[in-house]
K.L.:
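One structure is given below, represented as structure tokens, and several questions about it will come after.
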Amino acid sequence: PRGDGMPPHQIRHATITSELELLVPAIRDFRRTIFLGHCPPYDTPLDRAGLDGRMVDHVPLDVHIGSIAVRRFLEEHQPAMSLHGHVHESRTLTGRWNMWLGKTFAVSAANETPALALVRLDPEQPSQATLELI
């Protein structure tokens, strides 16, 4: 078993949903929580990939490659902020690097240029966040 006592067969069958739900009992106040997850929420400006026109077995690929489980978790629990990466081209394709998902301010620092993306934010004033490429 791993450190938390979970047997190996359960680890093999874990899902993002089941792993996220393990966090819920430990969080007293989601309104003061900052969620950090590599994968952005599904079907948002933060998860848009450059898959236009690509097909697998004659079926078009979904251009949104974020996590449905992450989106459901954010919608249900509404943490104050949610920080992401993963889909490097999303900002170029959508022109967006942040968004509101209900009461959750979601940010992606993913960047497809050689520059480092620096997000400056204050949890007390999320809409004042800035993105700087250095």
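Note: hydrogens, waters and symmetry copies are ignored here, and every other heavy atom, side chains too, is used.
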K.L.:
How far does OG1 of T130 sit from CD of E132, to the nearest 0.5 angstrom?
P.N.:
7.0 Å
K.L.:
Short question: side chain of D47, backbone of G66 - any donor-acceptor pair under 3.5 Å?
P.N.:
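Yes.
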K.L.:
Same cluster or not: L36 versus L46, using hydrophobic residues (I, L, V, M, F, W, Y) connected whenever any side-chain heavy atoms lie under 4.5 Å apart?
P.N.:
no
K.L.:
Is the backbone of P79 close enough, under 3.5 Å, to the side chain of T104 for a donor and an acceptor to pair up by distance?
P.N.:
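Present.
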K.L.:
Got a donor-acceptor contact below 3.5 angstrom from the S18 side chain to the A14 backbone?
P.N.:
no
K.L.:
Inspect the surroundings of CD1 in I16 and state if more than 12 heavy atoms from other residues, nucleotides or ligands are less than 6.0 Å away.
P.N.:
no
K.L.:
With a 4.5 Å heavy-atom cut-off, do L61 and V56 have their side chains touching?
P.N.:
yes
K.L.:
List the atom of P45, the atom of M99, and the distance in Å for their closest heavy-atom pair.
P.N.:
CD-SD, 3.6 Å
K.L.:
Measure the CD1-CG distance between I134 and L118 for me, rounded to the nearest 0.5 Å.
P.N.:
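Output value for this atom pair is 5.0 Å.
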K.L.:
Can you see whether H88 engages S90 through a side-chain donor-acceptor pair at a distance of less than 3.5 angstrom?
P.N.:
no
K.L.:
Angle class for the F73/F35 ring planes (parallel below 30°, perpendicular above 60°, tilted otherwise)?
P.N.:
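Rings of F73 and F35: tilted, 30 to 60°.
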K.L.:
Has the side chain of N111 got a donor or acceptor atom that lies under 3.5 Å from a matching backbone atom of A115?
P.N.:
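Such a contact is found between N111 side chain and A115 backbone.
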K.L.:
Same cluster or not: V24 versus I27, using hydrophobic residues (I, L, V, M, F, W, Y) connected whenever any side-chain heavy atoms lie under 4.5 Å apart?
P.N.:
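Same hydrophobic cluster.
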K.L.:
Same cluster or not: are V70 and I34 linked, directly or through other Ile, Leu, Val, Met, Phe, Trp or Tyr residues, by side-chain heavy atoms under 4.5 angstrom apart?
P.N.:
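No; tracing contacts between hydrophobic side chains, which count when under 4.5 Å, never links both residues.
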K.L.:
Nearest 0.5 Å please: distance from the CD atom of Q128 over to the CZ atom of R120.
P.N.:
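Rounded to the nearest 0.5 Å, the CD-CZ separation comes out at 14.5 Å.
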K.L.:
Output, in order, the C-alpha distance, side-chain angles, deciding distance and verdict of side chain to side chain contact (heavy atoms under 4.5 Å, CB included) for V87 and L93.
P.N.:
CA-CA 10 Å; V87 190; L93 292 170; over 6 Å; no
K.L.:
What's the separation between atom CG in L51 and atom CG in D62, rounded to the nearest 0.5 Å?
P.N.:
8.5 Å
K.L.:
To the nearest 0.5 Å, what is the distance between CZ (F105) and CG (N98)?
P.N.:
3.5 Å
K.L.:
How far apart are the closest heavy atoms of P41 and T44, and which atoms are they?
P.N.:
O-OG1, 2.9 Å
K.L.:
Over all heavy atoms of both residues, which pair between L74 and S82 is shortest? Give the atoms and the distance, please.
P.N.:
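So the minimum-distance heavy-atom pair works out to CD1-OG, 3.4 Å.
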K.L.:
Spell out, as yes or no, whether a donor-acceptor pair under 3.5 Å connects the side chain of H84 to the backbone of V107.
P.N.:
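Looks like no, no N/O pair under 3.5 Å.
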K.L.:
Do you know the tightest heavy-atom contact between R48 and D52?
P.N.:
NH2-OD2, 2.8 Å
K.L.:
State, yes or no, whether a side-chain contact exists between M81 and P123 at a heavy-atom distance under 4.5 Å.
P.N.:
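SC-SC contact between M81 and P123 confirmed.
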K.L.:
Below 4.5 Å, heavy atoms only, C-beta onward: do R91 and L133 meet side chain to side chain?
P.N.:
yes
K.L.:
Which pair of heavy atoms, one from E89 and one from G50, lies closest together, and at what distance?
P.N.:
OE2-N, 2.8 Å
K.L.:
Closest heavy-atom contact between H86 and P40?
P.N.:
CB-CD, 3.9 Å
K.L.:
To the nearest 0.5 Å, what is the distance between CD1 on I65 and CG on D43?
P.N.:
12.5 Å
K.L.:
Looking at E124, I'd like to know if its CD atom is crowded, meaning that more than 12 non-hydrogen atoms belonging to other residues, nucleotides or ligands lie closer than 6.0 Å.
P.N.:
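No, not enclosed.
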K.L.:
Count I, L, V, M, F, W, Y as connected when their side-chain heavy atoms are under 4.5 Å apart, and connections chain through other members. Are V63 and V59 then in the same cluster?
P.N.:
no
K.L.:
Determine, using the 4.5 Å side-chain heavy-atom cutoff (strictly less than), whether L116 and L83 are members of one ILVMFWY cluster.
P.N.:
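No.
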K.L.:
Checking side chain to side chain donor-acceptor pair (under 3.5 Å) against E75, which of Q78, R72, R71 comes through?
P.N.:
R71
